[in-house]
Amino acid sequence: MSNELLIYIDGKYYPRSQAKISVYDHGFLYGDGVFEGIREYNGVVFKLKEHIDRLFSSAHAITLKIPLTKEEMIQAVVETLRKNKMKDSYIRLVVSRGVGDLGLDPRKCPKPTIVIITDTISIRAADAKEVGVTTMFSWVRRNRVDATSQEIKSLNYLNSVLAKIEANACGVDEALCLESNGCLAEGVGENVFIVKNGELMTPPTSTGALAGITAEVVKGLVAKLGLKLTVTNLTPFMIFNADEAFFTGTAMEMVPIREVNKRQIGTGKPGPITKRLMAEFQKVIEDPTQGTKV
Ligand code: PMP
């Protein structure tokens with residue numbers, strides 16, 4: 001028996017080195033597909049139902065009919081975790097249009113491809129939660145909602161990749177993405193919150209950011225702590241002058257932002273409201289009622 005991770009492809013399990021899909025798959029040829037990134041904490045898949053709902057909404061938006069029910073998809077994720085005896089994993093669930101011909105017409109793809117990978121992920125420095133990250137507005141605008149909007153969690157992530165390339169080139173930890181009206185949309189794979197005078201603000205998802213599941217959890221924590229949150233357009237000026245700012249996302253979790261385009265945010269250290277919310281967030285992810293047991 002090999003020690004390799006087992007990867008689910010269309011109902012079968014393959015060792016990682018043999019887990020392959022066709023080069024005619026339209027997910028590969030055209031980025032035609034949808035995906036989710038999900039975390040499992042201590043044997044509980046955090047907000048799995050919410051991720052599956054979003055996956056099906058993304059698929060619906062691109063007229064991709066997933067050949068499993070939501071319940072079957074949940075079971076497939078749980079079964080893949082069981083097979084791999086994983087603890088504290090990061091799950092990548094991908095549904096592509098499937099194998100077709102070299103034209104882009106989705107009608108040529110009779111069967112979607114489903115892939116489930118249960119692995120780990122590392123997208124930030126070890127001390128990022130304690131010291132915060134540096135960021136910059138990249139020149140790459142988010143697509144309008146009538147283009148390949150980030151509201152759809154599709155395999156078209158070049159918009160985010162370009163922004164990340166810019167941050168890398170400038171020696172900055174993460175990129176911030178503006179929408180076409182010049183206001184903040186989100187990070188490359190995170191939502192953003194700021195704090196000003198004790199109140200929180202975050203951009204609306206209606207302008208092309210993904211409706212983050214972590215952001216939704218954090219919104220609940222803001223309410224629990226009796227803090228005020230406004231969903232509103234955030235200009236670069238408002239962000240430069242925020243007292244605190246932080247990212248939320250499945251892979252990133254909650255991470256303070258300490259700098260934007262060389263402007264220090266607040267004291268340059270994680271602020272008190274960010275720290276309180278991070279502590280509350282930690283409690284939620286450790287709460288077994290917040291997800292699906294493996
Ligand atoms: N925006 C984008 C573009 C993302 O890819 C992600 C990661 N899924 C997020 C925001 C954060 O969403 P969530 O909290 O659901 O992971």
Side-chain angles (χ1 to χ4, degrees), residues 31 33-41 45-59 61-62 77 89-95 117 119-124 128-129 133 135 137-138 140-145 147-167 174-180 183-194 202-222 229 231 234 245-255 257 277-278 280-282 284-285 290-292:
V34 293
F35 77 102
E36 281 296 317
I38 312 165
R39 272 191 192 266
E40 169 262 323
Y41 297 102
V45 191
F46 189 59
K47 302 286 176 196
L48 179 57
K49 287 197 177 68
E50 287 79 351
H51 281 282
I52 299 295
D53 281 345
R54 189 170 68 185
L55 180 82
F56 276 72
S57 299
S58 295
I62 67 163
V77 170
S89 50
Y90 174 82
I91 303 146
R92 177 57 56 90
L93 175 48
V94 183
V95 185
I117 307 168
D119 203 331
T120 54
I121 195 166
S122 163
I123 63 159
R124 52 172 155 74
K129 283 190 185 177
V133 291
T135 66
F137 295 116
S138 105
V140 190
R141 290 288 174 275
R142 271 298 190 235
N143 290 324
R144 286 166 41 125
V145 288
T148 45
S149 169
Q150 294 293 147
E151 294 167 286
I152 305 171
K153 201 160 167 54
S154 80
L155 298 180
N156 285 263
Y157 258 55
L158 199 51
N159 189 278
S160 282
V161 173
L162 286 173
K164 182 73 184 171
I165 287 170
E166 199 59 18
E174 287 299 334
L176 296 176
C177 302
L178 299 175
E179 45 158 314
S180 42
C183 291
L184 178 70
E186 56 181 347
V188 297
E190 303 81 24
N191 296 106
V192 180
F193 290 74
I194 67 168
T202 193
T205 51
S206 57
T207 47
L210 184 75
I213 289 167
T214 319
E216 211 42 48
V217 171
V218 169
K219 284 178 189 170
L221 297 175
V222 168
L229 168 78
V231 176
L234 296 179
F246 58 88
F247 281 125
T248 65
T250 298
M252 183 72 88
E253 301 175 297
M254 272 191 75
V255 167
I257 296 172
L277 286 167
M278 285 174 74
E280 290 293 325
F281 183 70
Q282 190 59 34
V284 178
I285 61 179
Q290 295 294 320
T292 305

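For ligands, and for the atoms within them, numbers begin at 1 and follow the listed sequence. Quick note: numbers below take in every heavy atom, side chains included, and nothing from hydrogens, waters or symmetry partners.
Taking NZ of Lys49 as the reference point, atom OG1 of Thr292 lies at 4.5 Å (rounded to 0.5 Å). Here the CD-OG1 distance, from Glu253 to Thr248, works out to 11.0 Å after rounding to the nearest 0.5 Å. Atom CD1 of Ile213 and atom NZ of Lys47 lie 9.0 Å apart (nearest 0.5 Å). For the atom pair Thr135 OG1 and Leu184 CG, the distance stands at 9.0 Å (nearest 0.5 Å). Going from atom CD1 of Ile62 over to atom OG1 of Thr148 covers 11.5 Å, rounded to the nearest 0.5 Å.
Contact atoms of ligand 1 toward Glu186: 1 (N), 2 (C), 3 (C), 10 (C) (distance under 4.0 Å to a heavy atom of the residue). Interface atoms of ligand 1 facing Gly249, defined by a heavy-atom separation under 4.0 Å, are 11 (C), 14 (O), 16 (O). Within ligand 1, counting atoms from 1 as listed, the ones closer than 4.0 Å to a heavy atom of Gln150 are 3 (C). Heavy-atom contacts of Val188 reach the following atoms of ligand 1: 3 (C) (cutoff under 4.0 Å). Heavy-atom contacts of Tyr157 reach the following atoms of ligand 1: 2 (C), 3 (C), 4 (C), 5 (O) (cutoff under 4.0 Å).
The N/O atoms of Thr214, backbone and side chain alike, include one that comes under 3.5 Å of an N/O atom in ligand 1. In terms of polar-atom proximity, defined here as any N/O pair under 3.5 Å, Ile213 does make such a contact with ligand 1. Not a single N or O atom of His51, backbone or side chain, sits closer than 3.5 Å to an N or O atom of ligand 1. Below 3.5 Å of separation, one finds an N or O of Lys153 facing an N or O of ligand 1. Annotation: Ser160 places no N or O atom under 3.5 Å from an N or O atom of ligand 1; distance criterion only. Taking any N or O of Arg142, backbone or side chain, none lies under 3.5 Å from an N or O belonging to ligand 1.
Proximity of Glu190 to ligand 1, defined as any heavy-atom pair under 4.0 Å, is confined to the backbone N, CA, C and O atoms.
The only member of Val45, Ile121, Ile91 that meets side chain to side chain contact (heavy atoms under 4.5 Å, CB included) when paired with Arg39 is Ile121.
Between Glu40 and Ser89, the side chains place a donor N or O and an acceptor N or O closer than 3.5 Å (distance only, hydrogens not considered).
The shortest side-chain heavy-atom distance between Phe247 and Val188 does not fall under the 4.5 Å cut-off.
For atom 6 (C) of ligand 1, the nearest non-hydrogen atom from the set Ala215, Ser154, Ala185, Gly189 belongs to Gly189. Which of Ala163, Gly212, Ala209 comes nearest to atom 12 (O) of ligand 1 through a heavy atom is settled by distance: it is Gly212.
Ring pair Phe246/Phe193 is parallel by interplanar angle, where below 30° counts as parallel and above 60° as perpendicular.
Nearest protein neighbour of atom 16 (O) of ligand 1, counting heavy atoms only, is Thr250 OG1, 2.6 Å.
Distances from ligand 1 to the non-hydrogen atoms of Arg54 include at least one value under 4.0 Å.
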### Message
With salt bridge (Lys or Arg N to Asp or Glu O under 4.0 Å) as the criterion, how do Arg124 and Glu174 come out once you've worked through the C-alpha distance, each side chain's angles and the decisive distance to 0.1 Å?
### Response
CA-CA 9 Å; Arg124 52 172 155 74; Glu174 287 299 334; over 6 Å; no
